[in-house]
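Here the structure is laid out as structure tokens; the discussion comes afterwards.
If you're wondering where the values come from, they're calculated on a predicted model, not measured in any experiment. Counting starts at 1 for both ligands and their atoms, following the listed order.
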Amino acid sequence: MIPNTNYKNLKDSYLFYNIAQKTKAYLEEHPDKKLLRMGIGDVSLPLCDAVIKALHEAVDDQSTKEKFHGYMPECGDPALRQTIADYYKKRGVELTSEETFVSGGASDELGDILDLFGKGKTVMIMEPAYPAYVDANIMSGNQVVHVSSGEENGFLPVPGTATGIDVIYICSPNNPTGATFDKEKLKLWVDYAIKNSSVIIFDAAYEAFIEEADIPHSIYEVEGAKKCAIEISSLSKTAGFTGTRCGYTVIPKELEMDGMNLNEMWVRNRTTKTNGVSYIIQKGAAAVFTEEGQRQIKENIAVYKNNAKCLMETFDKLGIWYTGGKNAPYIWIKCPNNMGSWEFFDLLLNEIQVVGTPGEGFGKCGEGYFRFSTFGSVEDTKEAAKRLYELLK
Ligand code: PLP
């Protein structure tokens with residue numbers, strides 16, 4: 001038996017391993033010190049009351065013969081699918097419930113969706129990037145074309161003249177840079193995809209953090225996108241579902257390639273490869289979209305946004321260049337004094353016990369940059385901002 005040899009092409013990811021090793025070694029040498037962890041991509045606030053209430057009720061439903069639910073429809077509870085379509089409608093995006101799919105989270109979908117394209121495809125990934133895009137494609141035997149971005153374009157690359165690209169990943173608001181595409185810049189990619197018969201996979205995991213009115217929450221706010229884009233979203237950061245697991249994916253019925261309908265193909269895929277998201281979790285997810293749920297999740301997001309504000313004010317005072325923070329839970333700074341990412345990491349760890357994420361770990365063009373997350377506690381963020389100021393002023 002020969003296993004999938006594409007796995008041999010995966011590069012070891014040292015990013016989070018190295019961070020863990022370095023922080024462990026530091027704490028062993030300095031057991032009295034407390035680290036301020038500003039690198040985490042996980043949320044720190046609990047689920048909101050509306051979701052908890054719905055989850056409890058759904059658990060109780062499962063204890064009675066009348067309300068018990070067994071297998072759920074593979075593509076999601078029709079009521080929740082409609083709720084998600086209604087959520088899009090608020091942004092002026094018209095979708096039918098059949099164009100939305102309930103998922104177990106964005107990570108699962110980002111990998112699984114590759115089934116629609118078959119093997120040996122050419123995939124464009126804009127860097128710095130969320131590491132899972134590259135690895136999922138390498139496992140599938142796809143060829144990855146890396147597109148660099150940098151300060152000169154605000155980490156928002158524009159399409160070039162490359163041809164033969166089957167799939168394009170776009171993440172906005174971006175992890176790790178926090179940069180966001182406006183409609184004009186996104187339209188360039190939609191036009192490029194249509195011209196080249198490419199499919200865009202639009203990762204909208206951080207859409208709920210957008211506060212500026214002209215930044216699209218969904219790629220379908222851009223004309224033509226229904227003909228070329230799949231959107232993958234998640235309740236992980238929107239509503240604290242990182243451990244509860246639920247997300248949603250949109251595949252418009254207009255999305256056809258070479259006479260094949262990708263929405264129909266995904267229905268076939270899901271009905272073959274999953275038995276859907278659990279009844280209990282879907283009930284919790286539905287509560288996110290209620291009036292009360294929306295109000296409560298926005299209160300939590302406001303806490304992270306205040307953390308962002310605190311850090312942005314500090315970097316402004318220090319005259320440090322950054323993207324993100326405003327419409328995203330990440331702030332991506334240029335390391336001061338032309339320091340390398342890991343050099344800056346070591347400095348912060350050793351001098352002020354602040355742990356962030358070196359930009360180099362998200363692709364070569366991330367070297368010299370550094371990611372701060374705003375998902376930590378208010379107290380830690382304030383203290384980290386104070387220490388950063390004292391160290392770098
Ligand atoms: N997409 C991006 C850009 C992310 O940063 C993350 C998680 O950090 C995910 C997807 C995964 O989200 P989920 O928890 O829904 O799997």
Do [Y] and [X] meet the salt-bridge criterion of a basic N to acidic O distance under 4.0 Å?
| X | Y | answer |
| --- | --- | --- |
| K386 | E383 | yes |
| K326 | E211 | yes |
| E299 | R295 | yes |

Just verifying a value: how many Å separate F202 CZ and S218 OG, rounded to the nearest 0.5 Å? 7.0 Å
Partners passing side-chain contact (heavy atoms from CB on, under 4.5 Å) against A58 (at least two apart in sequence or in another chain): Y279, I280, K283
Pair E390, K393 - check salt bridge (charged side-chain N to carboxylate O under 4.0 Å, His left out), show working. CA-CA 6 Å; E390 287 305 315; K393 70 180 181 204; 2.8 Å; yes
Write out each pair where an N or O from ligand 1 and one from the protein are under 3.5 Å apart, with the distance.
residue  : atom   : partner : partner atom : Å
ligand 1 : 1 (N)  : D203    : OD1          : 3.4
ligand 1 : 1 (N)  : D203    : OD2          : 2.6
ligand 1 : 5 (O)  : N175    : ND2          : 2.7
ligand 1 : 5 (O)  : Y206    : OH           : 2.6
ligand 1 : 8 (O)  : Y206    : OH           : 3.3
ligand 1 : 8 (O)  : K237    : NZ           : 2.8
ligand 1 : 14 (O) : S236    : OG           : 2.6
ligand 1 : 14 (O) : R245    : NH1          : 2.9
ligand 1 : 15 (O) : A106    : N            : 2.7
ligand 1 : 15 (O) : S234    : OG           : 2.6
ligand 1 : 15 (O) : S236    : OG           : 3.3
ligand 1 : 16 (O) : A106    : N            : 3.4
ligand 1 : 16 (O) : S107    : N            : 2.9
ligand 1 : 16 (O) : S107    : OG           : 3.0
ligand 1 : 16 (O) : R245    : NH2          : 2.8

